[in-house]
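One structure below.
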There are 2 protein chains.
Amino acid sequence: MQEKLRTYKASIFQALSHPTRIAILEVLRDGELSARSIQEKLGVEQANLSQHLAILRSRQIVANRKDGNQVFYSIRNPVLLEVLDVMRRYFQTNLADAIQMLEEVECEASVR
Amino acid sequence: MQEKLRTYKASIFQALSHPTRIAILEVLRDGELSARSIQEKLGVEQANLSQHLAILRSRQIVANRKDGNQVFYSIRNPVLLEVLDVMRRYFQTNLADAIQMLEEVECEASVR
DNA sequence: TAAGAATATTCTATATTGCGAATATACACA
DNA sequence: TGTGTATATTCGCAATATAGAATATTCTTA
């Protein structure tokens, strides 16, 4: 596989590499929601949510539909939900390691 | 799902969010390899590879086994390969969008 | 048209990441 | 023990990412 393709995949993973963006995809799992509803469900700053949505949009991960005053977001490709599902299985089969990691992550998520 | 769990998931995605690290997992798909072999296959700097391996290690994604002079790496949990497989499907069902993205990514991968 | 609501963008400060160069460590074997 | 090979770590710098504050844009409705 060429470098370019890997860079694309990496950019998708990168889009998924933030807790808020994972949360966004999880609340969109059951169907589209307005930006405002997402914001209320997640309890984040308006500007911050908008930035995260911009990232998901730029990677074509979510679609947005304007309706009057509001913008409704939805997951563009359901296969992405499978990615999240498999990750859930990954997490489950990894429980022991994960618990340890959670503790580390709690202090600092970085390697260095 | 709690924030902590999302942070954990995000940290796994973050580990996958670099082309070199994706490449590492791909060459490890068929079994363990020494760091040197990985380096030769990928053609990256020794120090750089070691840094990427450190990230994968810190997330418990790879296991390492020391044998004399060398360190052999392998994928710790095969479910992770499924994640990559699903991503491949994601890519395939997304071809049109992806091609467009590849062009953009070619110039600059960032949103801003 | 004016005011208000929903969303996006820009700006600024800070933190994190990624790279190569240099250095350190660990092991093998003469 | 000394030398070479394999791997890891540290350092400094450039690039990127994230957050909140401020501002802009778009739409609705009085």
Side-chain angles (χ1 to χ4, degrees), chain A residues 3 6-7 10-24 27-28 32-59 61-74 104-105 107-112, chain B residues 3 6-7 10-24 27-28 32-59 61-74 104-105 107-112:
Chain A
E3 182 64 13
R6 276 193 217 106
T7 301
S11 80
I12 299 297
F13 283 126
Q14 204 272 338
L16 302 178
S17 73
H18 192 286
T20 301
R21 294 195 290 268
I22 291 181
I24 291 172
V27 301
L28 289 181
E32 68 172 15
L33 285 176
S34 70
R36 189 96 215 325
S37 325
I38 299 175
Q39 191 194 338
E40 278 165 2
K41 277 174 190 285
L42 303 192
V44 295
E45 285 275 327
Q46 185 272 322
N48 191 9
L49 175 68
S50 200
Q51 287 170 350
H52 285 302
L53 287 171
I55 291 172
L56 294 174
R57 255 187 288 126
S58 78
R59 306 301 209 280
I61 291 173
V62 297
N64 57 333
R65 172 178 76 80
K66 200 160 188 177
D67 181 5
N69 225 359
Q70 296 168 290
V71 178
F72 287 88
Y73 282 86
S74 57
E104 288 165 14
V105 145
C107 311
E108 37 131 25
S110 80
V111 201
R112 298 174 181 167
Chain B
E3 183 64 16
R6 278 193 215 106
T7 301
S11 80
I12 300 297
F13 284 126
Q14 203 272 340
L16 303 178
S17 72
H18 192 285
T20 300
R21 294 196 289 269
I22 292 181
I24 291 172
V27 300
L28 289 181
E32 68 170 17
L33 286 176
S34 70
R36 190 97 215 328
S37 324
I38 298 175
Q39 190 194 340
E40 279 165 1
K41 278 175 191 282
L42 303 193
V44 295
E45 285 276 327
Q46 185 272 322
N48 192 9
L49 175 68
S50 200
Q51 288 169 351
H52 285 302
L53 287 172
I55 290 172
L56 294 175
R57 255 187 288 126
S58 77
R59 306 302 208 282
I61 291 173
V62 297
N64 55 333
R65 173 178 75 81
K66 200 159 190 177
D67 182 6
N69 225 1
Q70 296 167 290
V71 179
F72 287 89
Y73 281 88
S74 58
E104 289 164 14
V105 145
C107 313
E108 37 132 22
S110 82
V111 201
R112 300 175 184 169

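Reminder, nothing fancy here: chain letters follow the sequence lines and each chain counts from 1.
Checking C/dC19, C/dA8, D/dT7 against every side-chain atom of B/S50, the shortest atom distance belongs to D/dT7. Nearest nucleotide to the B/E45 side chain, out of D/dA21, C/dG20, C/dA5: C/dG20. Across C/dA8, D/dA6, D/dT26, the shortest atom-to-atom separation from the side chain of B/N69 is found for D/dA6.
Of the candidates B/V62, B/L49, B/I55, B/I61, B/R21 forms a side-chain contact (heavy atoms from CB on, under 4.5 Å) with just one, namely B/I55. If you run side-chain hydrogen bond (donor to acceptor under 3.5 Å, both in side chains) between A/Y73 and each of A/R57, A/E32, A/R65, only A/R57 comes through.
Rounded to an integer number of Å, the gap from A/L49 CG to C/dA5 P is 19 Å. Between the CG atom of A/L16 and the P atom of D/dA17 there is a distance of 14 Å, given to the nearest Å. Rounded to whole Å, the distance from NZ on A/K66 to P on D/dT25 is 12 Å. To the nearest angstrom, P of D/dT7 lies 12 Å from CZ of B/R57. Here C/dC19 presents its P atom at 13 Å from CG of B/L53, a figure rounded to the nearest Å. The separation between B/Q39 atom CD and D/dA8 atom P is 11 Å, rounded to whole Å. With rounding to whole Å, A/R36 atom CZ is found 13 Å from C/dG4 atom C1'. In this structure, A/I55 atom CD1 and D/dT16 atom P are separated by 14 Å, rounded to whole Å.
The closest donor-acceptor contact from the side chain of A/S17 to the backbone of A/Q14 lies under 3.5 Å. Judged purely by atom type and a 3.5 angstrom limit, A/T7 uses its side chain to pair as donor or acceptor with the backbone of A/E3.
Contact check, A/N48 against D/dG20: a side-chain N or O comes under 4.0 Å of OP1 or OP2. Within the 4.0 Å cut-off from OP1 or OP2 of D/dA17, not a single side-chain nitrogen or oxygen of A/H52 is found. An OP1 or OP2 oxygen of D/dA8 is reached within less than 4.0 angstrom by a side-chain nitrogen or oxygen of B/Y73. Between B/Q14 and the phosphate of C/dT17, there is a side-chain N or O to OP1/OP2 separation shorter than 4.0 Å.
Residues A/S17 and A/A47 both approach DNA chain D. Their nearest nucleotides, taken by heavy-atom distance, put A/S17 toward the 5′ side.
At a cut-off of 3.5 angstrom, counting only N and O atoms as typed in the model, there is a donor on one side and an acceptor on the other between the side-chain of A/Q46 and the base of C/dA8. At a cut-off of 3.5 angstrom, the base of D/dT10 holds at least one donor-acceptor pair with the side chain of B/Q51.
If you check every strand for non-hydrogen atoms under 4.0 Å, B/S34 touches sugar and phosphate atoms only. B/A35 comes within 4.0 angstrom of sugar-phosphate atoms only, judged by non-hydrogen atoms across all strands, and of no base.
Between B/V44 and B/H52, the closest side-chain pair of non-hydrogen atoms is not below 4.5 Å.
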